[in-house]
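Below is one structure, written out as structure tokens; the observations come after it.
Numbers for residues simply follow the sequence, beginning at 1.
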Amino acid sequence: MNLISTVALIASILSLVLISLSFWLPQINPDYEKLSPYECGFDPLGSARLPFSLRFFLIAILFLLFDLEIALLLPLPWGDQLNNPTMTFLWTTSVLTLLTLGLVYEWLQGGLEWAE
């Protein structure tokens, strides 16, 4: 067998074993929060006019902002194989510096404090 068919065979067997284990080993006592249709902590059967916490949305937006850095840094391993990789590392350093400064600013302003 060649390498590709061996890797495909191992991946298939491992996938089938993990799928069968997930069906055979269910959770005995499921948690009430996991059974609810929404995991955000709001009652889905209550009034839809309840005010939302702006702190929750601020933390969610900050998470999305800092999570996007992964998408910006994904091409970095291919960038070091260019003719001039120092420019790639310069841009990477500038993006990470900007994100670090933003994180420090939010931390000092108290934007990361969940409870007041």
Ignoring hydrogens and angles, write down the donor-acceptor pairs under 3.5 Å from the side chains of residues 9-17, residues two or more places apart or on other chains.
unit_1: S12; atom_1: OG; unit_2: A8; atom_2: O; d: 2.8
unit_1: S15; atom_1: OG; unit_2: A11; atom_2: O; d: 2.8

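- To the nearest 0.5 angstrom, F63 atom CZ is 9.5 Å from L68 atom CG.
- The 12-atom threshold is exceeded at CG of L64, counting heavy atoms of other residues, nucleotides or ligands nearer than 6.0 Å.
- Between the CG atom of D67 and the CD1 atom of I61 there is a distance of 14.0 Å, given to the nearest 0.5 Å.
- By the side-chain contact (heavy atoms from CB on, under 4.5 Å) test, L98 is found to be paired with no residue, residues two or more places apart in sequence or in another chain being considered.
- With rounding to the nearest 0.5 angstrom, the CG atom of L103 is 10.0 Å from the CG atom of L65.
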Throw together a table of side-chain donor-acceptor distances under 3.5 angstrom for residues 104-112, partners on residues two or more places apart or in other chains.
none

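- Checking each of L90, L96, V95 against T92 for a side-chain contact (heavy atoms from CB on, under 4.5 Å) leaves exactly one that passes, namely L96.
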